Amino acid sequence: MNSQARIRLLLVDDHPVVRDGLSRIQELDPQIEIVGEAGSVLSAVEAARRLEPEMILMDVRLPDGDGIQACRRIKEFLPETHVLFLTSFADNRFVLASMEAGADGYLLKESGAQRIVDAIHSILNGGNVFDPVVTHNVLRNFRKGGVNPLDVLAEREWRVLTEVAKGKTDKEVAA
């Protein structure tokens with residue numbers, strides 16, 4: 001990615017206060033430009049179609065469905081658009097479903113603004129970003145003898161998860 005290019009970002013969350021807070025990441029990185037906001041699956045799909053953002057920050061739960069449905073629908077007509085889930089749900093089912101839908105990352109809302117900015121850049125540079133808590137939960141479930149959540153991972157996702165499990169930073173994994 002060109003270091004001077006603008007990163008066109010769409011924010012999708014049903015809480016205006018969350019979208020307002022997320023819009024402050026523009027202050028941390030002048031490359032980031034919030035080009036739109038949406039609060040539902042329907043408005044997210046419409047905004048993505050109209051705005052064609054490079055990146056979408058999206059919550060898993062939306063009032064008219066879930067972000068996973070929205071991600072899947074958006075990826076059908078904008079396969080190059082990156083999706084980073086930013087949510088309060090560390091549930092394995094959501095994590096695995098988001099990966100299956102084509103998401104590039106999954107962070108918890110407790111992540112700091114700089115962590116979100118770093119994740120955006122890591123993803124745009126070809127990486128995947130998963131919150132350490134989420135990774136821990138997926139691995140713990142696997143070790144307990146549950147359904148193997150790693151069976152759904154693509155080779156690249158497997159490599160990323162292995163590096164994250166070793167404790168590497170997003171930047172180290174992206175490299």
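Numbering starts at 1 and runs along the sequence shown. The shown structure was predicted, so the numbers you read here are calculated from the model rather than taken from an experiment.
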Q) Can you list the steps and then say if I7 with H121 is a side-chain contact (heavy atoms from CB on, under 4.5 Å)? A) CA-CA 9 Å; I7 301 168; H121 284 283; 3.5 Å; yes
Heavy atoms only: give me the nearest [X]-[Y] pair and the separation to one decimal.
X    : Y    : answer
E54  : R6   : OE1-O, 3.9 Å
V12  : S40  : CG1-O, 4.3 Å
L107 : A119 : CD1-CB, 3.7 Å
C71  : A103 : SG-N, 3.9 Å
L28  : A113 : CD1-CB, 3.4 Å
D66  : V41  : O-CG2, 3.3 Å

Q: Just do the side-chain contact (heavy atoms from CB on, under 4.5 Å) check on I120 and I25 with the steps written out, would you?
A: CA-CA 11 Å; I120 290 167; I25 64 173; 3.8 Å; yes
Given 3.5 Å as the limit, does a donor-acceptor pair link the side chain of [X] with the main chain of [Y], or not?
X    : Y   : result
T81  : P53 : yes
D104 : V83 : yes
D64  : L42 : yes
D13  : R19 : no
S43  : G39 : yes

Q) Taking atom types as modelled and ignoring hydrogens, do the side chains of H15 and D59 form a donor-acceptor contact shorter than 3.5 angstrom? A)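 There is no such pair (donor and acceptor under 3.5 Å, judged by atom type) between the side chains of H15 and D59.
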To the nearest 0.5 Å, what is the distance between [atom1] ([X]) and [atom2] ([Y])?
X    : Y   : atom1 : atom2 : value
M55  : L84 : CE    : CG    : 6.0 Å
L9   : E37 : CG    : CD    : 10.0 Å
Q31  : E33 : CD    : CD    : 11.5 Å
M58  : I68 : CE    : CD1   : 9.5 Å
E110 : T87 : CD    : OG1   : 11.0 Å

With a 4.5 Å cut-off on side-chain heavy atoms, are [Y] and [X] touching?
X   : Y    : answer
M99 : N128 : no
L78 : E52  : yes
Q69 : L62  : no
R61 : F94  : yes
V95 : F85  : no

Q: Under the side-chain contact (heavy atoms from CB on, under 4.5 Å) rule, what do S98 and V60 come out as? Steps first, then yes or no, please.
A: CA-CA 8 Å; S98 73; V60 168; 5.8 Å; no
